[in-house]
Asker: 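I am attaching a structure below and will ask some questions about it afterwards.
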Amino acid sequence: MKNYLVSYIFSNIADMLEIKGENFFKIRAYRKAARAISNLPEDVEALVETSSLAGIEGIGKALEEKIKEIVNTGTCEYYERLKEEVPAALVEMLKVPGLGAKKIRTIYERLNITTIEELEQAAKQHRLRGLPGIGVKTEQGILKGIAMLKGTMGKMLLPTAIFLAEEIISMLKSHPAVEKVEVAGDLRRRQDLIEELEIVVSSKVPEEAIAGLLSYPRIKEVRERNNDTLKVLLDLGIEANFHVVEPETFWPSVHFLTGNEEHRKKLQEIARGKGYDLRRDCIVQKENGEILYPESEEKIYEMLGMPYIIPELREDRGEIEAGMAGRLPRSIEIGDIKGDLHVHSNWSDGMNTIEEIALRARDRGYEYIAITDHSKSLKIARGLDEERLFEQIELIKKLNEKIEGIRILCGIEVDILSNDLLDFDDDVLERLDIVIASIHSGFNQDREKLTRRVLNAIYNPYVNVIAHPTGRILTKREPYDIDIDAVLEAAAETNTVLEINSTPDRLDLNDRLARKAKEKGVKIVINTDAHELEGLNDMKYGVWVARRAWLEKEDVINTRALPHLMEMLRQKRK
DNA sequence: GCTGTTATCAGCCCGGCGCTCTAGCGCCG
């Protein structure tokens with residue numbers, strides 16, 4: 001499956017062209033193609049073989065040729081040439097908020113700065129201010145941006161981590177020296193950002209298993225190698241650690257490497273109290289020195305006198321105490337979700353028709369789907385004005401008569417404007433089944449102003465949901481400065497629901513805030529915010545956040561059957 | 001770069017905000 005590689009190279013090309021100041025539409029073509037390839041349900045290699053790339057919208061002759069080249073050789077000449085021309089760190093600088101291609105070019109040309117470290121030094125020494133278009137504030141903003149970037153550098157979003165882990169696992173499963181293989185670490189606990197991949201492999205012939213691992217084509221550099229471990233750097237700049245263990249030590253090892261460390265330490269304390277020593281690869285009965293190899297993680301928890309704790313909860317946030325007391329949550333599952341309440345169609349910036357979305361939702365087994373396009377102020381997203389919204393409502397009525405087995409709800413993602421108002425008046429919002437409100441502008445306003453904007457939306461009787469409530473974009477943008485406690489209190493008071501947005505780089509609310517919301521009595525909705533059909537598959541990411549947040553089915557409104565859901569939505573208006 | 005179209009080319013997503021050479025540019029959603 002080379003879809004990821006093609007998409008990675010194309011978006012890199014787009015970044016480099018941007019730095020070079022190339023034609024905007026050419027850059028957009030590469031970005032669009034990168035997205036199209038990464039969203040393909042089928043394998044790009046198969047499409048190359050059957051010469052069916054031309055059927056994909058946004059892929060013309062030139063890009064088709066490049067895709068073929070990448071599939072066959074792992075790269076393309078154009079990309080390699082660009083890499084020689086544009087220093088890699090300049091591309092990295094695009095990730096610094098407030099720093100765009102023009103300013104990067106100026107900094108490069110005037111000061112010959114080619115690394116993030118040099119950029120940071122120059123900013124600290126006040127050498128950036130004074131360059132054309134850069135003053136004190138921009139310089140300070142760059143320093144702040146670098147600090148954020150450093151915190152997430154080398155970390156990957158869940159889809160990347162999962163893609164790589166699945167690729168590795170499927171390769172290893174067919175290797176004769178490998179018995180079992182399982183992912184551990186942060187990824188198994190479904191953290192929002194993953195620093196390193198931890199893969200546990202069981203084998204009776206570890207040297208052969210290691211040799212098999214070394215044939216993984218993505219390995220760029222071997223950083224550490226001994227009899228049973230291999231630490232490598234992969235071609236996407238990501239570190240992976242392989243742990244080869246004896247078959248009987250497999251599950252204790254998976255448990256140990258899943259962590260997290262605090263969870264493990266606390267379990268160790270409990271184990272000691274029960275006469276056990278919890279080791280990296282086994283459990284030792286201290287009294288007689290007997291070595292035990294539990295055959296599953298369930299057995300490990302059972303020996304310690306508690307029910308199984310799912311990896312998502314293993315953070316030492318009270319799960320062990322809850323387990324001992326028999327008060328662990330009955331964690332929500334993906335199968336509990338009965339519909340998606342935040343989806344964009346091609347009426348605004350989505351890719352698909354409402355009918356296509358409804359049919360796909362039905363295929364997923366949903367009972368309902370809400371179409372929530374952007375409102376008029378969000379011009380770039382072709383936000384709907386009143387007239388188009390009313391037309392959309394009429395269309396949805398007709399589609400509901402035509403399509404069996406799924407109910408389409410009329411909704412809107414109404415902008416919370418910079419001036420505190422909503423983008424539509426109440427008499428418009430009143431006509432909708434569901435109203436989602438969110439901020440798309442003025443992120444840098446002060447805490448008081450931002451909080452007031454959200455509170456105004458919450459106190460509006462027609463606003464059911466606040467979407468992506470903190471506005472963070474993982475690896476790109478910090479959450480905006482908002483008094484989240486005030487937001488939670490107002491939401492609880494008014495029966496306003498807060499969203500866990502499942503887009504992998506949002507995951508907003510995050511696990512901690514979603515748990516806090518539950519504790520305050522705020523209901524949650526898990527939505528994808530999908531802009532294309534494949535985006536509906538992102539629901540799992542939001543469910544993982546909810547599981548990490550200790551949420552149960554009852555805490556989440558889109559686990560309800562349609563009549564109950566509608567009743568909950570209408571409750572706000574009373 | 002692609003698409004639609006048939007011309008070997010035109011059109012392709014806009015507009016607010018914040019910053020800086022304070023009128024216009026760059027960044028962003």
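Here is how names work: the chains are called A, B, and so on, in the same order as the sequence lines, proteins then strands, and each is numbered from 1. All values below come from the heavy atoms of this structure, side chains included, with hydrogens, waters and symmetry mates left out.
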Asker: Considering residues, nucleotides and ligands other than A:Lys102, do more than 12 of their heavy atoms fall under 6.0 Å from its NZ?
Answerer: no
Asker: Please measure how far the C1' atom in B:dA23 lies from the corresponding atom in B:dG16, and state the result in whole Å.
Answerer: 16 Å
Asker: Between B:dT20, B:dC2, B:dC27, spot the one nearest the side chain of A:Lys137, thanks.
Answerer: B:dT20
Asker: Using heavy-atom distances to pick each residue's nearest nucleotide on DNA chain B, tell me which of A:Val136 and A:Lys32 is more 5'.
Answerer: A:Lys32
Asker: Given B:dC14, B:dG1, B:dG26, which nucleotide is nearest the side-chain atoms of A:Lys102?
Answerer: B:dG26
Asker: In this structure, how many angstroms lie between the P atom of B:dA10 and the CG atom of A:Asn23, rounded?
Answerer: 14 Å
Asker: Using atom C1' of each nucleotide, how far apart are B:dC27 and B:dT20 to the nearest Å?
Answerer: 13 Å
Asker: Consider the side chain of A:Ser418, meaning its heavy atoms from C-beta on, and name the nucleotide among B:dG29, B:dC17, B:dG15 that approaches it most closely.
Answerer: B:dC17
Asker: Write down the atom of A:Lys155, the atom of A:Glu195, and the distance for their closest heavy-atom approach.
Answerer: CE-OE1, 3.8 Å
Asker: Is A:Leu17 touching bases, backbone alone, or none of the nucleic acid, heavy atoms closer than 4.0 Å?
Answerer: nothing
Asker: Hey, is A:Glu478 close enough to A:Lys144 for a salt bridge, meaning N to O under 4.0 Å?
Answerer: no
Asker: Starting at the 5' end of DNA chain B and moving along, which residue's nearest nucleotide shows up first, A:Ile134 or A:Glu64?
Answerer: A:Glu64
Asker: Which nucleotide sits closest to the side chain of A:Leu63: B:dG1, B:dT20, B:dG26?
Answerer: B:dG1
Asker: With heavy atoms under 4.0 Å as the rule, sort A:Ala101 into base, sugar-phosphate or nothing.
Answerer: sugar-phosphate
Asker: Return the value, rounded to whole Å, for the distance between atom NZ of A:Lys376 and atom C1' of B:dC14.
Answerer: 16 Å
Asker: Select base, sugar-phosphate, or nothing to describe what A:Pro97 touches, counting heavy atoms under 4.0 Å on all strands.
Answerer: sugar-phosphate
Asker: Determine the minimum heavy-atom distance between A:Lys572 and A:Val463, stating which atoms define it.
Answerer: NZ-O, 2.5 Å
Asker: Using the six-membered ring wherever Trp is involved, compare the ring planes of A:Tyr30 and A:Phe10 and label them parallel, tilted or perpendicular (cut-offs 30° and 60°).
Answerer: perpendicular
Asker: Taking atom P in both B:dC13 and B:dG4, what distance in whole Å separates the two?
Answerer: 13 Å
Asker: Is the A:Tyr541 ring parallel, tilted or perpendicular to the A:Trp544 ring (thresholds 30°, 60°)?
Answerer: perpendicular
Asker: Applying a 4.0 Å non-hydrogen cut-off, can you work out what A:Arg477 is touching in the nucleic acid: base, sugar-phosphate, or nothing?
Answerer: sugar-phosphate
Asker: Determine the contact category for A:Tyr30: base if any of its heavy atoms lies under 4.0 Å from a base atom, sugar-phosphate if only primed atoms, P, OP1 or OP2 are that close, otherwise nothing.
Answerer: sugar-phosphate
Asker: Choose from B:dG29, B:dT20, B:dC27 the nucleotide whose nearest atom is closest to any side-chain atom of A:Lys103.
Answerer: B:dC27
Asker: Report the nucleotide, chosen from B:dC13, B:dG1, B:dC19, that has the shortest atom-to-atom distance to any side-chain atom of A:Thr138.
Answerer: B:dC19
Asker: At under 4.0 Å between heavy atoms, what does A:Ser441 touch on the DNA or RNA strands: base, sugar-phosphate, or nothing?
Answerer: nothing
Asker: Whole Å only: how far is the CG atom of A:Leu53 from the P atom of B:dT3?
Answerer: 12 Å
Asker: Which part of the nucleic acid, if any, lies within contact of A:Ser377, taking any heavy atom under 4.0 Å across all strands shown: a base, the sugar-phosphate backbone alone, or nothing?
Answerer: nothing
Asker: Classify A:Ile27 by what it touches in the nucleic acid, base, sugar-phosphate, or nothing, heavy-atom distance under 4.0 Å.
Answerer: nothing
Asker: Please state the P separation for the pair B:dG1 and B:dT5 - nearest whole angstrom.
Answerer: 23 Å
Asker: A:His531 has an atom NE2; how far is it from atom P of B:dC13, in whole Å?
Answerer: 16 Å
Asker: Under 4.0 Å, counting only non-hydrogen atoms across every strand here, what does A:Phe443 touch: a base, just sugar-phosphate, or nothing?
Answerer: sugar-phosphate
Asker: Within the 4.0 Å heavy-atom criterion, would you say A:Arg28 contacts the bases, only the backbone, or no part of the nucleic acid?
Answerer: base
Asker: Could you state the CD-P distance from A:Gln445 to B:dC17, rounded to the nearest angstrom?
Answerer: 9 Å
Asker: What contact category does A:Lys66 fall into here, base, sugar-phosphate, or nothing, at under 4.0 angstrom with non-hydrogen atoms?
Answerer: sugar-phosphate
Asker: Can you measure A:Lys144 atom NZ to B:dC19 atom P for me and round it to whole angstrom units?
Answerer: 10 Å
Asker: Expressed in whole Å, how much space separates the C1' atoms belonging to B:dG15 and B:dC9?
Answerer: 29 Å
Asker: Is A:Arg506 paired with A:Glu499 through a side-chain N to carboxylate O contact shorter than 4.0 Å?
Answerer: no
Asker: Looking only at atom C1', what distance separates B:dC19 and B:dC12, rounded to whole Å?
Answerer: 29 Å
Asker: It should be established whether A:Lys26 places a side-chain nitrogen or oxygen under 4.0 Å from OP1 or OP2 of nucleotide B:dG1.
Answerer: yes
Asker: Flag the pair A:Asp385 and A:Lys376 as a salt bridge only when some basic side-chain nitrogen lies within less than 4.0 angstrom of an acidic carboxylate oxygen.
Answerer: no
Asker: Rounded to whole Å, how long is the line connecting atom CZ of A:Phe10 with atom P of B:dC2?
Answerer: 9 Å
Asker: Please report, rounded to the nearest Å, how far the C1' atom of B:dG15 is from the NE2 atom of A:His440.
Answerer: 15 Å
